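Just so you know, these numbers use all the heavy atoms, side chains as well, and skip hydrogens, waters and symmetry mates. Note on naming: letters A, B, ... go to the chains in the order of the sequence lines (proteins, then strands), and numbering restarts at 1 for each one. Everything numeric in this text was worked out from a predicted model, so none of it was measured.
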Protein chains: 2
Amino acid sequence: MNILPTTLYAAIAHETRLRCLLLLLEYEELCVCELTHTIGAAQPTISRHLALLREAELVSDRREGLWIYYRVNPALPSWVTQVLRETARGVAGLAPFADDLIALQAMPNRPGAPRCA
Amino acid sequence: MNILPTTLYAAIAHETRLRCLLLLLEYEELCVCELTHTIGAAQPTISRHLALLREAELVSDRREGLWIYYRVNPALPSWVTQVLRETARGVAGLAPFADDLIALQAMPNRPGAPRCA
DNA sequence: TCCATATATATCGCATACAGTATATTCTGT
DNA sequence: ACAGAATATACTGTATGCGATATATATGGA
């Protein structure tokens, strides 16, 4: 597959979307309610941002009953994956990204938890 | 120094700015007229985009007579540099980025040329 | 001092991104 | 068939990014 750099960077230029992506990078697969809870934004907001990530082909989704699970698109070119990894390294310990990783684990009643890495 | 990921990605989400940065990554130091000629946009357009890159602290500038030379900020955190390198790898051979590298060398009367790497 | 060159900034008009709210869709259990 | 839960989409108002054009600033030379 093929991703334009401007598409990638426009997508992750928004903090909410970057937080989603970095969470997915760590946790493999998460449903919308987990992301919504962790990030603390309104559900339609998260859903819309996920839709943008989906349209940019940065994430893929799969339905399982009521829940829709998102994950980082496994077919991403390696340079994109590397960019995401370097970003994760760059924001390690930085708010709000660092807190997200912790906040998710503290969430009660996660659908299929723990899926943590 | 410290750079917010959203600042970085908003900056390079625009093709013109990314082209500037990748050219600077290859050529160490370039003046505005070289970037203007290579990218083929209006001078105020290039200047404004360079100003944005400067405000984001992604590039530094230095005046030498009439010319103002830009370079990638040497104080960038390593993860940012890595992101730029991976991007360069990702767009290798891709228009318009690949052509830029060639177009610059074909430019006549470059101020202090060649500064090529 | 006047002019030309290189670069920067200001202004305007348009398109697009975003949050918030309301509503629609899809599935599960009864 | 119905109700409720999880998620998606539609709509609206506001703000911001962008290109185009005009103008300002800085430097060097006659």
For B:His37, which residues count as a ring pair (Phe, Tyr, Trp, His ring centres under 6.0 Å) partner, sequence neighbours excluded?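 B:His37 satisfies ring pair (Phe, Tyr, Trp, His ring centres under 6.0 Å) with no residue once adjacent residues are dropped.
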Summary of protein contacts for nucleotides 24-30 of chain D, nucleotide by nucleotide, where a base hit scores B, a sugar-phosphate-only hit scores S (4.0 Å, heavy atoms): --SBS--
[atom1] of [X] versus [atom2] of [N]: gap in Å, rounded?
| X | N | atom1 | atom2 | value |
| --- | --- | --- | --- | --- |
| B:His37 | C:dT5 | NE2 | P | 17 Å |
| B:Met107 | C:dA6 | CE | C1' | 11 Å |
| A:Glu55 | D:dT9 | CD | C1' | 11 Å |
| A:Arg62 | D:dT7 | CZ | C1' | 15 Å |
| B:Leu50 | D:dG19 | CG | C1' | 16 Å |

Which pairs count as side-chain hydrogen bond (donor to acceptor under 3.5 Å, both in side chains) when at least one residue sits in residues 71-80 of chain B, sequence neighbours excluded?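 Qualifying pairs: A:Arg89-B:Ser78, B:Glu28-B:Arg71, B:Glu29-B:Arg71.
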Which nucleotide wins on minimum distance to the side chain of A:Arg54, given the candidates C:dT7, C:dT9, D:dT9?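 Nearest nucleotide to the side chain: D:dT9.
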Please identify each residue that fulfils side-chain hydrogen bond (donor to acceptor under 3.5 Å, both in side chains) with A:Thr38, with sequence neighbours left out.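 Not a single residue meets the side-chain hydrogen bond (donor to acceptor under 3.5 Å, both in side chains) criterion with A:Thr38.
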Give the residues of residues 38-46 of chain B touching DNA chain D, defined as any heavy atom closer than 4.0 Å, sorted by residue number.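 Of all residues in residues 38-46 of chain B, the ones placing a heavy atom under 4.0 Å from DNA chain D are B:Pro44, B:Thr45.
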Presence of A:Tyr70 side-chain N/O under 4.0 Å of D:dA8 phosphate oxygens OP1/OP2: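 For D:dA8, OP1 or OP2 has a side-chain N or O of A:Tyr70 closer than 4.0 Å.
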To the closest 0.5 Å, what do you measure between CG (A:Leu84) and CG (A:Leu58)?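 Reported to 0.5 Å precision, the distance equals 7.5 Å.
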What does the list of N/O pairs under 3.5 Å between the protein and nucleotides 16-18 of chain D look like, with a distance for each?
{"residue": "D:dC18", "atom": "OP1", "partner": "B:Arg17", "partner atom": "NH2", "Å": "3.1"}
{"residue": "D:dC18", "atom": "OP2", "partner": "B:Arg17", "partner atom": "NH1", "Å": "3.1"}
{"residue": "D:dC18", "atom": "O3'", "partner": "B:His14", "partner atom": "NE2", "Å": "3.3"}

